[in-house]
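Values below: all heavy atoms of this structure, side chains included; hydrogens, waters and symmetry mates excluded. Please read these numbers as outputs of a predicted model, since none were measured by experiment. Within every chain, numbering begins at 1; the chains are lettered A, B, ... in the order of the sequence lines, protein sequences first and strands thereafter.
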Amino acid sequence: MKIYDTLSREKKEFLPMEGRRVKLFVCGPTVYDYSHIGHARTYVFFDTMASYLRYKGYHVFYLQNITDIDDKIINRGRNEKRDPLDISLEFMLHYFNDMRSLRVDSVNIYAPATYFIDRIIDQIQRLYDLGYAYETDDGVYYDVSRFREYGKLSHQSLDMIRAGARVEVNENKRHPADFALWKKRKEGEPFWESPWGEGRPGWHIEDTAITEYYFGPQYDIHGGGSDLIFPHHECEIAQMEAVSGKKPMVNYWMHTGLLTIRQERMGKSMGNVINIREILKNVEPELLRYFLLSSHYRSPVDFSYERIDEIRQSWEKIVIAYRKILKKESKEGESFIDDIRKYRRMFEDAMDDDFNTPEAISAIQLFVNFINKNMDGMGMGDIEESIKFFNDIDSILKIIPSGRVAEERIIELILSIRKMARERKLYDISDYIREKLRENNINVEDMQEGQIWYRK
RNA sequence: GGGUAGGUGGCAGAGUGGCGAUGCGCGAGACUGCAGAUCUCGUUUAUUGGGGUUCGAUUCCCCACCUACCCUCCA
């Protein structure tokens, strides 16, 4: 298995530090608003990745932080005259809800920053003691000039960073690129006690404090959106490698390409943010996942409802084939086992190559074509093997919808009535039932074995 | 200005130093109570432009142009 590493800029053979154990950390969101489809892009991918690693037999410890204290949260609290921590709690719960809707269920632990304040302070203290940090009137800052390799992840030198700086220089800082480890309390802000007085953590320190707590100073994979490469992940490296004296902090840096909307970056200022909860009113979660996974995770994805409509057909083809084969009855025997395994191998080969989901999906499409062509001649062994493959695909990509059990039973009941009508050639009744179901987005099809249905 | 990743058929989107996947769309046919699904066949010069390396490049190198992202909070 190969994984592309942002730091070395190459695909590297994947070798966990300890046998089959994989320590995976992915930067979670800042919870000051509803999660949008850009978040969906990143977290759906890492969910698929973690699921695939588990499918391959790795024991994955998937850890994700939640930034529940920062400027944006405080600002919102100020505007709404609410406790900022109340706001972050609210949107953290919305985030969990959205993730559940998207069938993201592979994260072992979500770690909110405010739960780790003591760890954060402890790490800052050690940086301070080692001479990597200095105190000013408004906080404690990391001294980037002390860390020679600052910029190695984004492939920039400190001079370049200084030259390109667009921001006004904070007078308190020794170098423009120095960043806050601890921010001293301002009026009306949440705060915690620390050796430097009351205040709150800077943004970058929570991740290294949390990962050090769970994983230690070194671990396997660190992921996030590619907008986090600089400065966020750069700062994490500077913190962790300075504190521990060990490097590398992680062996594989993985970054997802960003999602654009009609070729424009999504953002508050563009007024084009689409929230997950909003899009899921119109688009099935599995279809959204299918769309997101049909581009490679490192490429940008361009979203529009037109695109969703365009791929809907190919997505349904997979779903329909699955439901057909579930219904298929057959005789003993197996004649296509080798073919079916061949498609599974194609799928795995694609995923093994830096999680090439578009190519993996292409293997699924070929598999579906094969099934559609040969289903009638398949024996029981073939069908079982096919269903197993579909189930495995769905446990990884999660692109095949399944309904609620109670609802399914009622639909089955209605369909049994339709079957009786058809047997008596009461086609006006059977067509009426089919039409009414379709109005409720349930499509019914007649095939030799009987009726199959699926959500449209 | 600096950094990073790219520019492939009507659309989306992979791969590869030597017949350019896959799906959608489009056209024709088969099957079918109807519908739907599915199958078969077809779909015009598709690899940004210019150099270079090579027997041969879409793939490697250089230049140009273009796009996205980062250099400020951001998945």
**Q** Classify the ring geometry of A:Trp253 against A:His255: parallel below 30°, tilted from 30° to 60°, perpendicular beyond 60°.
**A**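 Parallel.
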**Q** Nearest-Å distance, CZ (A:Arg434) to P (B:G33)?
**A**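 About 12 Å, once rounded to whole Å.
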**Q** Where the side chain of A:Arg438 is concerned, which of B:A75, B:A35, B:A21 is the nearest nucleotide?
**A**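 Among the listed nucleotides, the one closest to the side chain of A:Arg438 is B:A35.
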**Q** From C-beta outward on A:Asn372, which listed nucleotide comes closest to its side chain: B:C39, B:A37, B:U22?
**A**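 Ranking B:C39, B:A37, B:U22 by closest atom to the A:Asn372 side chain puts B:C39 first.
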**Q** Does A:Gln313 reach a base, just sugar-phosphate, or nothing at all? Heavy atoms under 4.0 Å.
**A**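 It contacts sugar-phosphate atoms only.
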**Q** Checking A:Thr67 now: which residues fulfil side-chain contact (heavy atoms from CB on, under 4.5 Å) with it, not counting sequence neighbours?
**A**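 With neighbours one apart ignored, the set is A:Thr30, A:Asn65, A:Asp70, A:Trp203, A:Glu206.
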**Q** Taking atom P in both B:C31 and B:U40, compute the distance separating them and give it to the nearest angstrom.
**A**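 Each nucleotide's P atom is 15 Å from the other's.
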**Q** If you check every side-chain atom of A:Gln156, which of B:U4, B:C24, B:G2 has the closest atom?
**A**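 Closest nucleotide to the A:Gln156 side chain: B:G2.
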**Q** When you get a sec, tell me which of B:A75, B:U22, B:C73 is the closest nucleotide to the side chain of A:Lys72?
**A**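 Given the options B:A75, B:U22, B:C73, the side chain of A:Lys72 is closest to B:C73.
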**Q** Scan A:His296 against the nucleic acid and name what it touches under 4.0 Å (heavy atoms): base, sugar-phosphate only, or nothing.
**A**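 Counting heavy atoms under 4.0 Å across all strands, the contact made by A:His296 is with sugar-phosphate only.
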**Q** Can you find a side chain N or O atom of A:Lys317 that sits less than 4.0 Å from OP1 or OP2 on B:C24?
**A**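 Affirmative; the distance criterion is met.
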**Q** When the nearest nucleotide of RNA chain B is assigned to A:Asn356 and to A:Thr30 on a heavy-atom basis, which residue is associated with the more 5' position?
**A**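 Its nearest nucleotide lies further toward 5', so the answer is A:Asn356.
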**Q** Can you give the donor-acceptor pairs under 3.5 Å from side chains of residues 410-420 of chain A to other protein atoms, not counting sequence neighbours?
**A**
from	atom 1	to	atom 2	distance (Å)
A:Glu412	OE2	A:Trp453	NE1	3.1
A:Ser416	OG	A:Leu413	O	2.5
A:Arg418	NE	A:Ser430	O	2.9
A:Arg418	NH1	A:Asp446	OD1	2.9
A:Arg418	NH1	A:Gln451	OE1	2.6
A:Arg418	NH2	A:Asp446	OD2	3.0

**Q** Where each residue is assigned the nucleotide of RNA chain B containing its nearest heavy atom, which of A:Gly224 and A:Asp309 is assigned the position nearer the 5′ end?
**A**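 The answer here is A:Asp309.
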**Q** Closer than 3.5 angstrom, by distance alone: can the side chain of A:Lys12 be matched with the main-chain N or O of A:Asn251 as a donor-acceptor pair?
**A**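 Yes.
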**Q** Just how far, in rounded Å, is C1' of B:A14 from CE of A:Met346?
**A**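 Those two atoms, CE and C1', are 11 Å apart.
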**Q** Kindly assign one of parallel, tilted or perpendicular to the pair A:Tyr297 and A:Phe45, based on the angle between their ring planes and the thresholds 30° and 60°.
**A**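 Parallel, since the angle between the ring planes stays under 30°.
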**Q** Checking all strands, does A:Ile311 fall into the base, sugar-phosphate, or nothing category for heavy-atom contacts under 4.0 angstrom?
**A**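 Contact class for A:Ile311: none.
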**Q** Nearest to the side chain of A:Arg265 - B:C70, B:G23, B:G33?
**A**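 That would be B:C70.
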**Q** When rounded to the nearest Å, what value does the distance between C1' atoms of B:U16 and B:A21 take?
**A**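 Looking at atom C1' only, B:U16 and B:A21 are 10 Å apart.
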**Q** Atom CD1 of A:Ile229 and atom C1' of B:U4: how far apart are they, to the nearest Å?
**A**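 These atoms are roughly 7 Å apart.
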**Q** Ignoring hydrogens and angles, does a donor from either the side chain of A:Asp446 or the base of B:C34 sit under 3.5 Å from an acceptor on the other?
**A**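 Yes.
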**Q** Rounding to the closest angstrom, what is the interatomic distance between B:U48 and B:G6 at atom P?
**A**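 Straight-line distance between the two P atoms is 14 Å.
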**Q** From B:G3, B:C24, B:A75, pick the nucleotide closest to the side chain of A:Ser314?
**A**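 Of the candidates, B:C24 comes closest.
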**Q** Partner lookup for B:G42, please. Criteria are Watson-Crick or G-U wobble with both distances under 3.5 angstrom; report none if nothing qualifies.
**A**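 The base-pairing partner of B:G42, which may sit in any strand shown, is B:C26.
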**Q** So which nucleotide does B:A5 pair with, by the Watson-Crick or G-U wobble rule with both distances under 3.5 Å?
**A**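 B:A5 is paired with B:U67.
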**Q** Using atom C1' of each nucleotide, how far apart are B:G9 and B:G23 to the nearest Å?
**A**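 The answer is 13 Å between these two C1' atoms.
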**Q** Just N and O in the side chain of A:Asn443: are any of them under 4.0 Å from OP1 or OP2 of B:A37?
**A**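 Checking A:Asn443 against B:A37: no side-chain N or O falls below 4.0 Å of OP1 or OP2.
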**Q** Between B:U47 and B:U58, how many Å separate the two P atoms, rounded to a whole number?
**A**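 B:U47 and B:U58 have their P atoms separated by 9 Å.
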**Q** Regarding A:Tyr454, tell me which of base, sugar-phosphate or nothing describes its non-hydrogen contacts under 4.0 Å with the strands shown.
**A**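 Since only primed, P, OP1 and OP2 atoms lie under 4.0 Å of A:Tyr454, the category is sugar-phosphate.
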**Q** What integer number of Å spans the C1' atoms of B:G25 and B:G13?
**A**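 Here B:G25 and B:G13 have their C1' atoms 14 Å from each other.
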**Q** With a 3.5 Å cut-off and just heavy-atom distances, do the side chain of A:Arg307 and the base of B:C11 make a donor-acceptor pair?
**A**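 No pair found.
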**Q** Taking only N and O in the side chain of A:Ser299, is any of them less than 4.0 Å away from OP1 or OP2 of B:A14?
**A**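 Checking B:A14 against A:Ser299, a side-chain N or O does come within under 4.0 Å of OP1 or OP2.
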**Q** By the 4.0 Å heavy-atom rule, please label A:Ile452 as base, sugar-phosphate, or nothing.
**A**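 No contact.
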**Q** Taking the side chain of A:His155 as its heavy atoms from C-beta onward, which of B:C73, B:G33, B:U4 lies nearest to it?
**A**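 When the side chain of A:His155 is considered, B:U4 is the closest of B:C73, B:G33, B:U4.
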**Q** Just to confirm, is there a sub-4.0 Å distance from OP1 or OP2 of B:C34 to any side-chain nitrogen or oxygen of A:Lys425?
**A**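 For A:Lys425, the contact criterion (side-chain N or O under 4.0 Å from OP1 or OP2 of B:C34) is not met.
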**Q** Between B:U38, B:A75, B:A21, spot the one nearest the side chain of A:Lys324, thanks.
**A**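 Of the options given, the side chain of A:Lys324 lies nearest B:U38.
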**Q** Give the ring-plane orientation class for A:Tyr214 versus A:Phe61, where under 30° counts as parallel, over 60° as perpendicular and anything between as tilted.
**A**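 Judged by the thresholds at 30° and 60°, the geometry between A:Tyr214 and A:Phe61 is perpendicular.
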**Q** Would one find a side-chain N or O of A:Asn369 under 4.0 angstrom from OP1 or OP2 of B:U22?
**A**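 No, because none of the side-chain N or O atoms of A:Asn369 sits under 4.0 Å from OP1 or OP2 of B:U22.
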**Q** Indicate yes or no for a side-chain donor-acceptor contact from A:Asp382 to the backbone of A:Ser335 under 3.5 Å, with no hydrogens or angles considered.
**A**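 Pair found, side chain donor or acceptor close to backbone of A:Ser335.
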**Q** Return the value, rounded to whole Å, for the distance between atom CE of A:Met254 and atom C1' of B:A5.
**A**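 For the pair A:Met254 CE and B:A5 C1', the rounded distance is 15 Å.
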**Q** What is the distance, to the nearest angstrom, from the CZ atom on A:Arg312 to the C1' atom on B:A12?
**A**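 About 16 Å, once rounded to whole Å.
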**Q** I want to check one thing: is the phosphate of B:A12, taken as OP1 and OP2, less than 4.0 Å away from some side-chain N or O of A:Ser294?
**A**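 No, no such contact exists.
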**Q** Counting only side-chain heavy atoms from C-beta out, which of B:U4, B:A35, B:C39 sits nearest to A:Arg9?
**A**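 Selected nucleotide (nearest to the side chain): B:U4.
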**Q** Touch check for A:Gly28, heavy atoms < 4.0 angstrom, all strands: base, sugar-phosphate only, or nothing?
**A**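 Here A:Gly28 touches the backbone only, sparing every base.
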**Q** For B:C65 versus B:G27, give the span between their P atoms, rounded off to a whole number of Å.
**A**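 Pairwise P distance, B:C65 against B:G27, rounds to 42 Å.
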**Q** In the structure shown, which nucleotide is the Watson-Crick or G-U wobble counterpart of B:C34, with both distances under 3.5 Å?
**A**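 Pairing partner, where one exists within any strand: none, as none qualifies.
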**Q** Mind checking the P distance from B:G36 to B:A30? Whole angstroms is fine.
**A**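 Result for the P pair: 16 Å, nearest Å.
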**Q** Looking at B:C34, B:A35, B:A75, which one has an atom nearest to any side-chain atom of A:Leu228?
**A**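 The closest nucleotide is B:A75.
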**Q** Between C1' on B:G2 and CZ on A:Phe230, what's the gap in Å once rounded to a whole number?
**A**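 Taking atom C1' of B:G2 as the reference, CZ of A:Phe230 is at 11 Å.
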**Q** For A:Gln365 and B:A12, what is the distance between atoms CD and C1' respectively, to the nearest whole Å?
**A**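 Between C1' of B:A12 and CD of A:Gln365: 11 Å.
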**Q** Just by distance, with hydrogens left out, do A:Glu348 and A:Tyr52 show a side-chain donor and acceptor under 3.5 Å apart?
**A**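 Short answer, no.
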**Q** Using whole Å, what does the distance between atom P of nucleotide B:A21 and atom CZ of A:Phe370 come to?
**A**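 From A:Phe370 CZ to B:A21 P: 21 Å.
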**Q** Return the orientation label for the A:Phe230 and A:Tyr150 ring planes: parallel under 30°, perpendicular over 60°, tilted otherwise.
**A**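 Answer is perpendicular, since the angle exceeds 60°.
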**Q** Counting just side-chain N and O atoms, does A:Tyr4 come under 4.0 Å of either OP1 or OP2 of B:A5?
**A**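 Checking B:A5 against A:Tyr4, a side-chain N or O does come within under 4.0 Å of OP1 or OP2.
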